[in-house]
Amino acid sequence: MKSILGLCLILFSGALLSAAPADAALHVKFDRPQEIAAANGARVALDGDFAPDGYWRYGPSGLALPAQGLLGAEGTLVYRFKQGNFTEPKMTVRYLLTARNQGPFALSIYTYAAAKGKLFVAFADNSAKGAKYYFGSAQPIQFDTPVTAAVSWDGYVIRIYIDGVLREEAKQPLPFPADTLQYVHIGPYADRWARPAVWGDDSYAGELWLYNRPLDAAEIAALSGRKPEPPAVATP
């Protein structure tokens, strides 16, 4: 009886660990020079400074990936990165990743020096009276250490995960503007709504996944490299 239960437990654990979904609309590993196949047949060149551990240091240049059709009214964005410590100036935002449309909408993952390593997510219409949702992590991230942040939405609820752990569920304040989505920006960008003034060589991109559906907790845990703990099995 114990051997049967043990086998079932091994099979169940294996299913959890193999739950990484393969249906990403876009998947990029920033580990080498390459041409990224983005939306609508666009080819985006990736070059520059690549660290031995498979991360791209983008510094003040950033990267704009055409993203029309890669995220839907329901979707998930998963981003693995490293952020170094920085001090200048304290309220200058480090926009680590931002999905942008033709108007004031932005889904952003960001931090700033005064936050001392705390990570933030904005899902917001940045016009004066636009609906906005903001999340701030209770615990700081570790600088110069891989972090996987994930945001999923289904039209009703936004879910925020850090390193595969659900940190918040909140009411989605406005629809995701899939029809007008333009770019997913890695690092700094500038438009009429946001103009990062200072950016150092302290930000690293590791891996990006975009999905046209909300992933479940097991799928996000798998993408984050987190091994779910199997349930305890009582033995007679």
Side-chain angles (χ1 to χ4, degrees), residues 13 15-30 54-55 65 67 70-83 93-99 105-112 115-124 132-176 178 181 184-187 203-231:
S13 301
L16 285 176
L17 294 176
S18 62
D23 59 329
L26 179 69
H27 175 211
V28 182
K29 292 188 71 173
F30 299 91
Y55 284 77
L65 296 173
L70 300 183
L71 291 168
E74 299 182 8
T76 305
L77 183 156
V78 184
Y79 181 48
R80 182 171 297 130
F81 64 93
K82 295 192 300 182
Q83 175 60 48
V93 175
R94 287 286 197 268
Y95 289 103
L96 305 175
L97 184 142
T98 307
F105 176 84
L107 192 173
S108 298
I109 300 171
Y110 63 97
T111 187
Y112 54 94
K116 297 181 180 180
K118 290 184 179 180
L119 198 64
F120 297 85
V121 173
F123 191 104
K132 299 173 178 65
Y133 159 78
Y134 296 100
F135 162 81
S137 61
Q139 299 296 324
I141 61 173
Q142 290 187 315
F143 290 121
D144 300 309
T145 300
V147 176
T148 305
V151 184
S152 74
W153 58 95
D154 60 12
Y156 302 95
V157 177
I158 299 172
R159 294 176 175 87
I160 311 294
Y161 299 79
I162 298 177
D163 290 331
V165 178
L166 178 64
R167 297 301 185 184
E168 180 155 295
E169 292 180 299
K171 181 180 178 181
Q172 185 173 329
L174 71 162
F176 184 87
L181 181 67
V184 168
H185 295 273
I186 305 296
S203 303
Y204 297 79
E207 201 160 357
L208 172 68
W209 297 264
L210 305 181
Y211 290 88
N212 268 312
R213 64 181 180 88
L215 300 188
D216 62 32
E219 291 173 315
I220 290 175
L223 290 175
S224 302
R226 179 172 171 266
K227 297 180 180 180
E229 293 184 4

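What you are looking at is a predicted structure, and each value in this text was computed from that prediction instead of being measured.
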key: Sole residue of Leu77, Leu70, Ile220, Leu223 in side chain to side chain contact (heavy atoms under 4.5 Å, CB included) with Tyr211   =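 Testing Tyr211 for a side chain to side chain contact (heavy atoms under 4.5 Å, CB included) against Leu77, Leu70, Ile220, Leu223 leaves exactly one candidate, Leu223.
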
query = Taking only residues two or more places apart in sequence or in another chain, which ones pass side-chain contact (heavy atoms from CB on, under 4.5 Å) with Lys29?
reply =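 Lys29 satisfies side-chain contact (heavy atoms from CB on, under 4.5 Å) with His27, Asp31, Glu207 only.
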
message = So, using side-chain contact (heavy atoms from CB on, under 4.5 Å) as the criterion, who are the partners of Ala115 when residues are at least two apart?
response =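 Ala115 satisfies side-chain contact (heavy atoms from CB on, under 4.5 Å) with Thr111, Tyr112, Lys118, Phe120 once adjacent residues are dropped.
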
Pairs meeting criterion salt bridge (charged side-chain N to carboxylate O under 4.0 Å, His left out) with involvement of residues 163-173, two or more places apart =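 As it turns out, the salt bridge (charged side-chain N to carboxylate O under 4.0 Å, His left out) pairs with a partner in residues 163-173, which skip direct neighbours, are Arg159-Glu169.
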
About how many Å separate [atom2] of [Y] and [atom1] of [X], when rounded to the nearest 0.5 Å?
{"X": "Arg213", "Y": "Asp23", "atom1": "CZ", "atom2": "CG", "value": "4.0 Å"}
{"X": "Tyr95", "Y": "Ser203", "atom1": "OH", "atom2": "OG", "value": "13.5 Å"}
{"X": "Ile141", "Y": "Leu96", "atom1": "CD1", "atom2": "CG", "value": "7.0 Å"}
{"X": "Ile109", "Y": "Ile160", "atom1": "CD1", "atom2": "CD1", "value": "8.0 Å"}

Do you know which two heavy atoms are closest between [X] and [Y], and how far apart they sit?
{"X": "Thr98", "Y": "Ser108", "answer": "CG2-OG, 3.2 Å"}
{"X": "Pro173", "Y": "Ile158", "answer": "CD-CD1, 3.7 Å"}
{"X": "Tyr133", "Y": "Ala170", "answer": "CE1-CB, 3.4 Å"}
{"X": "Ser224", "Y": "Gly164", "answer": "OG-N, 3.2 Å"}

query = Under 4.5 Å between any side-chain heavy atoms of Pro140 and Lys116, yes or no?
reply =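 No, side chains not in contact.
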
task = Report yes if the side chains of Ile186 and Leu97 come closer than 4.5 Å at any heavy-atom pair, otherwise no.
result =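 Of all side-chain heavy-atom pairs linking Leu97 with Ile186, at least one is under 4.5 Å.
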
request  = Carefully, step by step, assess Leu65 and Leu210 under the rule side-chain contact (heavy atoms from CB on, under 4.5 Å).
outcome  = CA-CA 12 Å; Leu65 296 173; Leu210 305 181; over 6 Å; no

ask   = Under the side-chain contact (heavy atoms from CB on, under 4.5 Å) criterion, do Trp209 and Leu215 qualify, and how do the steps go?
value = CA-CA 11 Å; Trp209 297 264; Leu215 300 188; over 6 Å; no

query = Below 6.0 angstrom between ring centroids: does that apply to Phe105 and Phe176?
reply =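 Ring centres of Phe176 and Phe105 closer than 6.0 Å.
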
inquiry  = Can a donor-acceptor pair be found, under 3.5 Å and without considering hydrogens, that links the side chain of Gln172 to the backbone of Gly155?
reply    =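 Side chain of Gln172 to backbone of Gly155, a donor-acceptor pair under 3.5 Å: yes, one is there.
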
query = Counting heavy atoms not belonging to Lys132, are there more than 12 under 6.0 Å from its NZ?
reply =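 Result for NZ/Lys132: enclosed.
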
ask   = Partners of Asp144 by salt bridge (Lys or Arg N to Asp or Glu O under 4.0 Å), sequence neighbours excluded?
value =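 Checked Asp144 against salt bridge (Lys or Arg N to Asp or Glu O under 4.0 Å); zero matches.
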
query = Listed by chain and number, what are the ring pair (Phe, Tyr, Trp, His ring centres under 6.0 Å) partners of Tyr79, not counting sequence neighbours?
reply =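 Testing Tyr79 for ring pair (Phe, Tyr, Trp, His ring centres under 6.0 Å), a comparison that skips the adjacent residues, returns Phe81.
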
inquiry  = Show me the pairs that pass side chain to side chain donor-acceptor pair (under 3.5 Å) and involve residues 145-157, at least two apart or across chains.
reply    =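 Found Arg80-Thr148.
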
